Amino acid sequence: MNCGRLQVQERECEESAIVRIECIIDEGDVEKGRLCGGVKLGRGAMTTATTTDVLAKNFVNGEWVESKAARIVERRNPANTDDVVARVPLSTREEMKEAIAAAKDAAAAWSDTPAPTRGKILFRAAHLMEGQKEELARILTREEGKTLKDARGEVQRAANIIEFMAGEGRRMNGETMPSELPKNFSYTLRRPLGVVGAITPWNFPVAIPVWKIAPALAYGNTVVFKPSTLTPLTAMKVAEIFHQAGVPAGALNVVMGSGRETGDELVQNRLVHGLSFTGSTEVGSHLYASGAKGLKKIQCEMGGKNPVVVMADADLSLAVEATAQGAFGSTGQRCTATSRVVVEETIADEFVKRLVERANRFVVGDGMDAGVEMGPSVDENQLQTVVKYIEIGKSEGKLLCGGERLTGGKYNKGWFVAPTVIDGIAVENRVAQEEIFGPVVSVIRVKNFDEAIEAANSVRYGLSSAIYSTDSNKIFEFVDKIETGMTHVNSPTVGGEAHVPFGGAKESSVGAREVGHAAMDFYTDIKIVYVDYTGRKRESNIY
Ligand code: NAD
């Protein structure tokens with residue numbers, strides 16, 4: 001297939017129906033040339049899939065509705081491209097407007113519902129999600145490609161987040177302040193923003209939507225959720241769980257579609273007061289600027305280029321395992337994935353030797369299969385990006401292992417790439433500066449601790465980091481000086497707990513933190529109240 005900008009081809013499928021295949025490079029999750037892992041179809045078109053697929057629906061005002069979109073994209077299983085997981089409508093701007101209007105209509109009643117009552121509904125959602133963990137994890141693995149073990153972990157994390165947020169219904173506290181005047185006091189209330197938009201990526205399609213939807217609802221907002229078109233079924237299942245738990249009609253709405261059209265409407269629409277985005281820094285900075293024109297409250301969690309610093313006094317076995325897990329786990333498709341390892345030169349040869357041994361033992365395959373440690377890239381576009389960066393890395397440093405697309409046997413039907421280690425990388429090299437989002441780690445050798453800090457901080461991103469050392473002085477100095485929003489001591493760059501804030505520094509993040517009680521700062525405004533109980537005319541002005 002010759003993919004170019006809005007080229008249209010026609011071919012006959014086995015059933016001799018005409019299928020229109022459009023290759024586009026500028027829309028939606030199709031924004032990066034993605035075809036959602038398959039072809040883009042006109043309505044009613046037939047595919048050559050070997051399995052039954054479903055048409056993803058929108059969820060508006062408490063009803064599952066079929067989009068009227070003329071354009072539909074296929075989502076295929078990244079481990080087996082014969083398996084069509086879903087067909088996803090690229091909903092229209094009008095359909096997004098309808099969902100926003102439904103959220104607006106539901107806003108007053110939901111914000112008037114006592115916060116502990118909202119919390120009770122969320123507790124039910126947490127229990128329902130735990131009860132449906134296996135089903136949801138299997139949808140997630142089939143759709144996104146991560147291992148079933150990782151998928152189960154993600155669902156559990158999401159359920160824990162909902163559970164924590166349910167408790168926020170009883171902790172939505174303001175403050176009281178003494179007055180400078182007698183018989184006066186002031187206090188603050190936390191009020192919901194109103195309608196909130198949530199735009200999410202494909203790599204954690206359960207946990208990330210949940211860590212936006214659950215706090216938004218707990219604090220009394222109504223939500224319009226635009227998931228990635230690469231993960232429509234997980235999005236539907238997440239919404240269904242909130243619905244089953246008793247979230248009322250209109251309080252949570254889902255619209256499938258491209259970022260460029262439905263996402264953009266969510267950013268522009270005047271009825272939307274807050275927007276929570278997770279995705280690439282490029283899209284986030286565009287969206288932040290465009291939402292600012294409408295004076296929306298916006299938070300963006302974006303890309304990373306996360307380093308592990310390994311000092312000469314580190315426990316090498318731990319450091320090697322953590323680097324491998326951080327770099328190759330989830331196929332490197334985590335915003336917190338380890339993509340650089342900064343290692344003191346006196347131990348670098350031994351460290352690299354062991355890392356390569358571990359990389360070569362990493363079991364790559366279909367995430368559904370027992371024993372598999374790493375699944376495929378999410379789609380062909382992502383695979384091509386990874387392969388491109390590997391080629392760049394080969395010219396910038398020395399390829400030690402991996403470095404290619406995996407083919408043959410079970411690999412032929414999926415988008416698999418080998419765990420890759422590139423040594424001899426300088427801080428200014430592209431593979432040390434740009435987010436790759438694949439199982440590729442660059443080794444940067446440094447002389448000492450100061451050089452290590454400088455190398456670790458030499459990127460525009462600032463999401464996560466880790467240090468491996470047994471010297472507590474170095475560890476605390478690292479924590480002081482590392483320019484990342486999250487840092488780990490003697491543990492991998494990845495992972496976060498359900499009640500602990502999550503977010504980055506520099507160009508990885510803008511706006512208030514997500515997750516944990518810190519989420520209240522984004523999803524609420526502070527209302528300030530002054531109370532005079534003298535019963536008399538005030539004799540003096542405060543100022
Ligand atoms: P992406 O930026 O391409 O897309 C994210 C979402 O934004 C999708 O739903 C997409 O449809 C939408 N979108 C795209 N263009 C838009 C526009 N013009 N207006 C409105 N919405 C638009 O990211 P992706 O490829 O889905 O995800 C991978 C990226 O996400 C990586 O950069 C990764 O680091 C980042 N990420 C960050 C975090 C974090 O918490 N910091 C977590 C996970 C992923």
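Order of listing sets the numbers, starting from 1, for every ligand and every atom in it. Note that the structure is predicted; figures quoted are calculated from it, not measured.
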Using a 4.0 Å heavy-atom cut-off, which part of [X] comes near ligand 1: side chain, backbone, both, or neither?
X: L287; value: side chain
X: F437; value: side chain
X: N203; value: side chain
X: I199; value: side chain
X: T281; value: neither

So F59 and W64, would you call those rings parallel, tilted or perpendicular, with 30° and 60° as cut-offs? tilted
Looking at I162 and V210, what are the two nearest heavy atoms and their distance? CG1-CG1, 3.5 Å
Exactly one of N429, V440, V443 clears side chain to side chain contact (heavy atoms under 4.5 Å, CB included) with I422, and that residue is V440
Heavy-atom donor-acceptor pair, [X] side chain to [Y] backbone, under 3.5 Å:
X: K296; Y: V196; value: no
X: Q433; Y: S458; value: yes
X: T420; Y: G402; value: no
X: Y411; Y: V364; value: yes

Taking only heavy atoms of [X] into account, list the atoms of ligand 1 that are under 4.0 Å away from them.
X: D264; answer: 19 (N), 20 (C)
X: L463; answer: 41 (N)
X: F277; answer: 2 (O), 5 (C), 6 (C), 7 (O)
X: G263; answer: 20 (C), 21 (N)
X: I208; answer: 42 (C), 43 (C)
X: T278; answer: 5 (C), 36 (N), 37 (C), 38 (C), 39 (C), 40 (O), 42 (C), 43 (C), 44 (C)
X: V283; answer: 2 (O), 13 (N), 14 (C), 15 (N), 16 (C), 22 (C)

Counting both backbone and side chain atoms, is some N or O of K226 under 3.5 Å from an N or O of ligand 1? yes
For M302, is at least one N or O under 3.5 Å away from an N or O on ligand 1? yes
How about Y288: does its OH atom have over 12 heavy atoms from other parts shown lying under 6.0 Å from it? no
Please say whether more than 12 non-hydrogen atoms of neighbouring residues, nucleotides or ligands are located less than 6.0 Å from CD in E391. yes
For [atom], tell me which residue out of [options] has the closest non-hydrogen atom.
atom: atom 27 (O) of ligand 1; options: G504, P201, G485; value: P201
atom: atom 36 (N) of ligand 1; options: S258, C335, C300, G304; value: C335
atom: atom 6 (C) of ligand 1; options: L275, T200, T262; value: T200
atom: atom 2 (O) of ligand 1; options: S509, G503, S280, A337; value: S280
atom: atom 18 (N) of ligand 1; options: E435, R334, H286; value: H286

With a 4.5 Å cut-off on side-chain heavy atoms, are E434 and Y389 touching? yes
Identify whether NZ of Lys or CZ of Arg in K212 sits under 6.0 Å from the centre of the six-membered ring of Y523 and within 45° of that ring's axis. no
Report yes or no: is the cationic atom of K506 (NZ for Lys, CZ for Arg) closer than 6.0 Å to the six-membered ring centre of Y461, at no more than 45° off its axis? no
